[in-house]
2 protein chains.
Amino acid sequence: MATGRTHRPATRSRGIPEATVARLPLYLRALTALSERSVPTVSSEELAAAAGVNSAKLRKDFSYLGSYGTRGVGYDVEYLVYQISRELGLTQDWPVVIVGIGNLGAALANYGGFASRGFRVAALIDADPGMAGKPVAGIPVQHTDELEKIIQDDGVSIGVIATPAGAAQQVCDRLVAAGVTSILNFAPTVLNVPEGVDVRKVDLSIELQILAFHEQRKAGEEAAGDAGVAPPVAARKQQHATGSAEQGPDGDVPAVMPA
Amino acid sequence: MATGRTHRPATRSRGIPEATVARLPLYLRALTALSERSVPTVSSEELAAAAGVNSAKLRKDFSYLGSYGTRGVGYDVEYLVYQISRELGLTQDWPVVIVGIGNLGAALANYGGFASRGFRVAALIDADPGMAGKPVAGIPVQHTDELEKIIQDDGVSIGVIATPAGAAQQVCDRLVAAGVTSILNFAPTVLNVPEGVDVRKVDLSIELQILAFHEQRKAGEEAAGDAGVAPPVAARKQQHATGSAEQGPDGDVPAVMPA
DNA sequence: AACTGTGAAGTGTTTCACAGCG
DNA sequence: CGCTGTGAAACACTTCACAGTT
């Protein structure tokens, strides 16, 4: 979705897998903790444990960055912190605007981990004129009217949307028009953005629903009899291939989830 | 990747892929919106657009649930809402506790999408005695001492951790000991949980770092010359250089990690 | 001896493309 | 004809297992 293809001309294409990129911050956090304890080196096994992954995956991930370890020894903590930071672009300053200073926006503004990496809250923006000027986390809230000006003046390229769902797309459009090219969306809506703009979303309700799915599986083993309400409309259709062939061609090995 | 093999006797093995499960809430939201507009049926193409995925993926996803569409026509909205809700376990009531009622916890307690699905905030818990009794989102905050009692009395199986990082593991241990088997973690820490307990994490700082990575790519195409500080220690090593496919569409990386 | 780096195999996910049904 | 449902191909990611290095 969002990102669309980026048909890069393959400038020597480093090509770090997306899954690896998503784990780099995890490694970085673990490494930072080690660094604070002045641990000089760490093995893939130890670091993997601290980051909650397995060591093969970690080594594979690092192999995309380069050969930064020493066989028989492990990885130099400081050096790796630097390399990962650089890879993630955290050696530079990223001004960020947060739009929508309700409960959540305020929480985000106060969030420490925010500033701790290269991120700097450049501005807090809210549509409520009554909020204008009020300081949140030490930063005065500004009115939406200022949005374009702020973004241009500060060279903001990352925006955080913490507005109600109804306002999100509109805010998004304005952010993008003003030059923002990466958006972190907390509103429960699918955002439409032009090619070249990245959107990541964080959705509490979705996370809970996924947990509920697994939770349900744990509880009800056999009893398929569901206690909920009855299907609303339409005739009930049969439930997919009942006992028959269907999936596992050869060695069964049923998928992740059992039933 | 959930719980590796789950031994289970393969009761007709439904086996819905994790990636599909993660998208069901998205479909459900889009369908709910259609339902509110009294749209009777929808094609895979339309629904996919509303959910921000492509139609082939959507059809494949639905095929894991069963044959719920009508060829030449599309899907019955109400019927599909029900089927997905049931699959996700939302036709039942899920009491949830939120631990850590700071800025973020309060935001979560107030979050509407919470209650809108089967989730019910059974209790708000905080370690600060000064907060005890204070109502947040209409619910009085209770002290951590009550944690075990609340969970057992209300049969809570899902816990949300919104405490500072330092307290998270301890809270997690208590939640698990009291009977919680699914945890949504907002604290920037890796939680250790016993086998059978699901943890999903939401980490603002990680999301931003991933955006920064892509942002950096957009900006500096060729100029590998980084303006940041110089590497701290150790000799620089060469850069690997895999030549190959690069980046693809955004794909969300699921994060269930059992243990 | 200890540990990294990585091909190769295994597993999961997406996309294609079209048969099949209403 | 239109649209779903799905094998098969393509792609992505993870894990294995061991060669290679210090």
Side-chain angles (χ1 to χ4, degrees), chain A residues 1 3 5 15-23 41-49 53-76 79-80 234-235 237-241 244-257, chain B residues 1-5 15-23 41-49 52-76 79-80 234-235 237-242 244-257:
Chain A
M1 42 161 98
T3 319
R5 63 209 25 109
I16 299 178
E18 195 53 38
T20 295
V21 172
R23 281 187 296 266
T41 61
V42 67
S43 70
S44 63
E45 202 69 60
E46 294 163 330
L47 183 54
V53 303
N54 73 44
S55 64
K57 195 185 281 184
L58 178 143
R59 288 199 302 279
K60 191 60 136 182
D61 283 343
F62 286 178
S63 80
Y64 293 114
L65 307 183
S67 272
Y68 293 153
T70 307
R71 290 167 205 241
V73 179
Y75 301 92
D76 180 285
Y79 185 62
L80 206 44
K237 310 199 177 173
Q238 86 286 1
Q239 190 73 40
H240 201 177
S244 72
E246 215 254 312
Q247 77 135 353
D250 30 74
D252 193 55
V253 189
V256 202
M257 280 295 121
Chain B
M1 61 133 60
T3 321
R5 63 207 27 104
I16 300 179
E18 194 54 38
T20 295
V21 171
R23 281 187 296 265
T41 61
V42 66
S43 70
S44 64
E45 202 69 59
E46 293 164 331
L47 183 53
V53 304
N54 73 45
S55 64
K57 196 186 281 183
L58 177 143
R59 288 199 304 277
K60 189 62 135 182
D61 283 342
F62 285 178
S63 81
Y64 293 115
L65 306 183
S67 271
Y68 293 154
T70 306
R71 291 168 204 240
V73 179
Y75 300 92
D76 181 287
Y79 185 61
L80 205 46
K237 310 197 179 175
Q238 87 289 0
Q239 193 74 45
H240 190 161
T242 332
S244 69
E246 204 255 326
Q247 142 111 344
D250 160 301
D252 239 21
V253 187
V256 212
M257 39 185 210

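Heavy atoms only: backbone and side chains are in, while hydrogens, waters and symmetry mates are out. In what follows, chains carry the letters A, B, and so on, assigned in the order in which the sequence lines appear, proteins first and then strands, with residues in each chain numbered from 1.
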Calculate the interatomic distance between [X] atom [atom1] and [N] atom [atom2]; express it in whole Å.
X	N	atom1	atom2	answer
B:Leu47	D:dT4	CG	C1'	13 Å
A:Tyr64	C:dT6	OH	C1'	9 Å
A:Leu58	D:dC13	CG	P	17 Å
B:Lys57	C:dT15	NZ	C1'	9 Å
B:Leu65	D:dT4	CG	P	15 Å
B:Asp61	C:dT13	CG	P	10 Å
A:Ile16	C:dT6	CD1	C1'	16 Å
A:Arg23	D:dA12	CZ	P	15 Å

May I ask you to check whether A:Tyr68 and A:Tyr79 place their ring centres under 6.0 Å from each other? yes
Check salt bridge (Lys or Arg N to Asp or Glu O under 4.0 Å) between B:Arg59 and all other residues, then give those that pass, not counting sequence neighbours. none
Name the pairs: protein N/O against N/O of nucleotides 17-22 of chain D, kept only if under 3.5 Å.
from	atom 1	to	atom 2	distance (Å)
D:dG20	N3	A:Arg71	NH1	3.2
D:dT21	O4'	A:Arg71	NE	3.4

Describe the nucleic acid contact of B:Tyr75 in one word from base, sugar-phosphate, nothing, applying a heavy-atom distance below 4.0 Å. sugar-phosphate
Got a second to check how far A:Glu46's CD is from A:Ser55's OG, nearest 0.5 Å? 11.0 Å
Give every pair of a protein N or O atom and an N or O atom of nucleotides 7-10 of chain C that lie under 3.5 Å apart, one pair per line with the distance.
from	atom 1	to	atom 2	distance (Å)
C:dG7	N7	A:Lys60	NZ	3.2

Is a donor on one side and an acceptor on the other found under 3.5 Å between the side chain of A:Thr70 and the backbone of A:Val73? no
Would you say B:Asn54 reaches C:dT15's phosphate, i.e. side-chain N/O to OP1/OP2 under 4.0 Å? yes
Distance test, side-chain N/O of A:Ser44 to OP1/OP2 of C:dT4, below 4.0 Å: yes
Side-chain touch A:Leu80/A:Leu47, heavy atoms, less than 4.5 angstrom: yes
Nearest heavy atoms of [X] and [Y], plus distance in Å:
X	Y	value
A:Ile16	A:Val21	CG2-CG2, 3.7 Å
B:Leu58	B:Ser44	CD2-CB, 3.7 Å
B:Gly69	B:Tyr75	CA-CD2, 3.4 Å

